[in-house]
Undergrad: 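Pasting in a structure now, in structure tokens, and then I'll have a few things to ask.
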Amino acid sequence: MKRLALAAAALAMPAATSAQGLRCMPQEQAASLVTFALPSLVQGLAQRCGPELPRTAYLPANADALADRYRPDAAAAWPSARTAIAGIFTQVLGQEMPPEMNSDLVRQLAEPLLGNLLAKRISTSDCAAADTAISAAAALPGRNVGRLAIVAIMLADRKDKGIAGVLHICRPEIRP
């Protein structure tokens, strides 16, 4: 558990201290990581943004039901998300993630840690936009929301600093 906490803390570090030498994460792994975290991300955003949104906003009223709907896709994304977490673990801590960290307990701890970390990265001034985006994407399966989130992150990341200055997503190769 201590190692999982270290890996989660490493994700939260500023870029200057933790992103040195990190390579990019394949888009599919990054999408799996977001899909895996969606239930907690939606609930974390509802909690964070609730005070900033009008009572009629989609997110506070529907977060629990949406999180429940996303749970099957989140569970299916776990193997690839675990691989992504293992890669981050190795890059940040310089050692392989122990096999015992593939347990169900680790999965149950990692999902809320990751979801809440991502939710905290949304500025409260962006809560209305987050509510609109989640409302618009609510009909989609969780795996599609994860993919769309990665595309949006890559489009917004013009300076190639990655998510939170730590998680760099591999750019697609341009083929002639």
Undergrad: Output yes when a side-chain donor or acceptor of Q27 lies under 3.5 Å from a complementary backbone atom of I150, and no otherwise.
TA: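 Not at all, since once roles are kept as given, no pair shorter than 3.5 Å links the two residues.
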Undergrad: Measure the CD-CG distance between E111 and L33 for me, rounded to the nearest 0.5 Å.
TA: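 CG of L33 is found 11.0 Å from CD of E111.
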Undergrad: Has D131 got a side-chain atom pairing as donor or acceptor with Y58's backbone, closer than 3.5 angstrom?
TA: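 Indeed, once roles are kept as given, a pair shorter than 3.5 Å links the two residues.
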Undergrad: If you look at every heavy atom in I169 and M154, which pair is closest and at what distance?
TA: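 Scanning both residues completely, I find the closest heavy atoms to be CG2-SD, 3.5 Å.
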Undergrad: List the residues meeting side chain to side chain contact (heavy atoms under 4.5 Å, CB included) with T132, not counting sequence neighbours, and say none if there are none.
TA: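 Checked T132 against side chain to side chain contact (heavy atoms under 4.5 Å, CB included); zero matches.
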Undergrad: Using every non-hydrogen atom in the two residues, find where P79 and A75 come nearest and quote the distance to one decimal.
TA: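 Nearest pair, atom of P79 first, then A75: CD-O, 3.9 Å.
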Undergrad: Compare all side-chain heavy atoms of Y70 with those of S40 and state whether any distance is below 4.5 angstrom.
TA: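 Side-chain contact under 4.5 Å: no.
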Undergrad: If we ignore hydrogens and angles and just use 3.5 Å, is the side chain of R48 paired with the main-chain N or O of I122 as donor and acceptor?
TA: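 Yes, R48 side chain to I122 backbone: donor-acceptor pair under 3.5 Å.
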Undergrad: Taking the side chain as every heavy atom from C-beta outward, state whether L59 and V42 have any pair of such atoms under 4.5 Å apart.
TA: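 Yes; the side chains approach each other to less than 4.5 Å.
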Undergrad: How close do P60 and A46 get, heavy atom to heavy atom, and via which atoms?
TA: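 Nearest heavy atoms, P60 then A46: CA-CB, 4.3 Å.
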Undergrad: From I85 CD1 over to L113 CG, what is the distance, rounded to the nearest 0.5 angstrom?
TA: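 Spacing of CD1 (I85) from CG (L113) equals 9.0 Å.
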Undergrad: Might you point out which heavy atoms bring C170 and P26 nearest each other, and give the distance in Å?
TA: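 Shortest heavy-atom separation between C170 and P26 comes out as SG-N, 3.7 Å.
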Undergrad: How close do A119 and L41 get, counting heavy atoms only, and between which atoms?
TA: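 Taking every non-hydrogen atom into account, N-CD1, 3.5 Å.
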Undergrad: Measure the shortest side-chain to side-chain distance between F89 and E96 over non-hydrogen atoms and say whether it is less than 4.5 angstrom.
TA: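 Sidechains of E96 and F89: no contact.
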